[in-house]
**Student:** 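What follows is a single structure, and I will ask about it in a moment.
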Amino acid sequence: MVMFQRKNRNYMKKYFWKLSLIAAIAFAFTSCAPRAVVVRPVEPVMVRPGAPGPGHVWVGGEWYLRGNQYNYRQGYWATPRHGRTHWVPGHWKNNRHGSRWVPGYWR
C-alpha cells in the first residue's frame with residue numbers, strides 16, 4: 001500500500017511539472033499574439049447642401065463598424081427632436097490599441 005502511494009505521488013509530480021511547462025509556453029505564445037489596431041480612416045470630402053428649411057440642424061457624417069472595418073455614413077439635415085436640443089458630433093477617441101469612433105448624439 002505504501003509502495004502504491006509513493007508511486008502515485010511521483011507520477012503526479014512528474015506530470016504536474018510537464019503540464020506547468022506546457023501552460024507557461026502556451027501563455028507566452030498567446031500573450032505575443034497580434035492585436036487588431038484600428039487606424040483612423042480618412043474622412044471623405046463632401047459639400048454640405050443647403051438647409052431644406054428653418055430650424056434644421058446639420059448632423060455630420062458618422063463612422064460605423066461593420067465586421068472589422070469602419071464605413072462612412074454621409075451627413076444629413078434633421079430637425080431637433082425636442083425644442084432646445086442640439087447635435088453633439090461624433091469624434092475619435094484614442095486607446096492603447098488605436099482609435100475607436102464615439103458616435104454623435106442629441107443633447
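Any value given below was found using the heavy atoms of this structure, including those in side chains, with hydrogens, waters and symmetry copies removed. Remember, predicted model here, so these are calculated numbers, not experimental data.
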**Student:** Taking side chain as C-beta onward, heavy atoms only, is Trp106 less than 4.5 Å from Trp87?
**Tutor:**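 Yes, at least one pair of side-chain atoms sits under 4.5 Å.
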
**Student:** Hey, is the main chain of Gly104 close enough, under 3.5 Å, to the side chain of Glu62 for a donor-acceptor pair?
**Tutor:**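 Looks like yes, one N/O pair under 3.5 Å.
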
**Student:** Starting at CE of Met46, measure out to CD of Gln74 and round the result to the nearest 0.5 Å.
**Tutor:**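 The CD atom of Gln74 is 4.5 Å from CE of Met46, to the nearest 0.5 Å.
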
**Student:** Nearest heavy-atom pair of Pro80 and Gly55: which atoms, and what distance?
**Tutor:**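 In terms of heavy atoms, the two residues are closest at CD-O, 3.2 Å.
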
**Student:** On a heavy-atom basis, which atom in Gly50 and which in Trp77 lie closest, and how many Å separate them?
**Tutor:**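 Gly50 and Trp77 have their closest heavy atoms at O-NE1, 3.4 Å.
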
**Student:** Does any non-hydrogen side-chain atom of Arg100 lie less than 4.5 Å from one of Asn95?
**Tutor:**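 Yes, side chains in contact.
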
**Student:** With clusters defined by side-chain heavy atoms of hydrophobic residues (ILVMFWY) lying less than 4.5 Å apart, directly or transitively, does Val88 cluster with Val57?
**Tutor:**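 In one cluster with Val57: Val88, no.
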
**Student:** Compare every heavy atom of Tyr72 with every heavy atom of Glu43, then report the nearest pair and how far apart it is.
**Tutor:**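 Scanning both residues completely, I find the closest heavy atoms to be OE2-OH, 3.4 Å.
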
**Student:** I want to know whether Tyr70 and Trp92 have ring centres closer than 6.0 Å.
**Tutor:**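 Centroid separation for Tyr70 and Trp92: below 6.0 Å.
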
**Student:** Report yes if the side chains of Tyr105 and Pro89 come closer than 4.5 Å at any heavy-atom pair, otherwise no.
**Tutor:**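 Tyr105 does not reach Pro89 side chain to side chain.
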
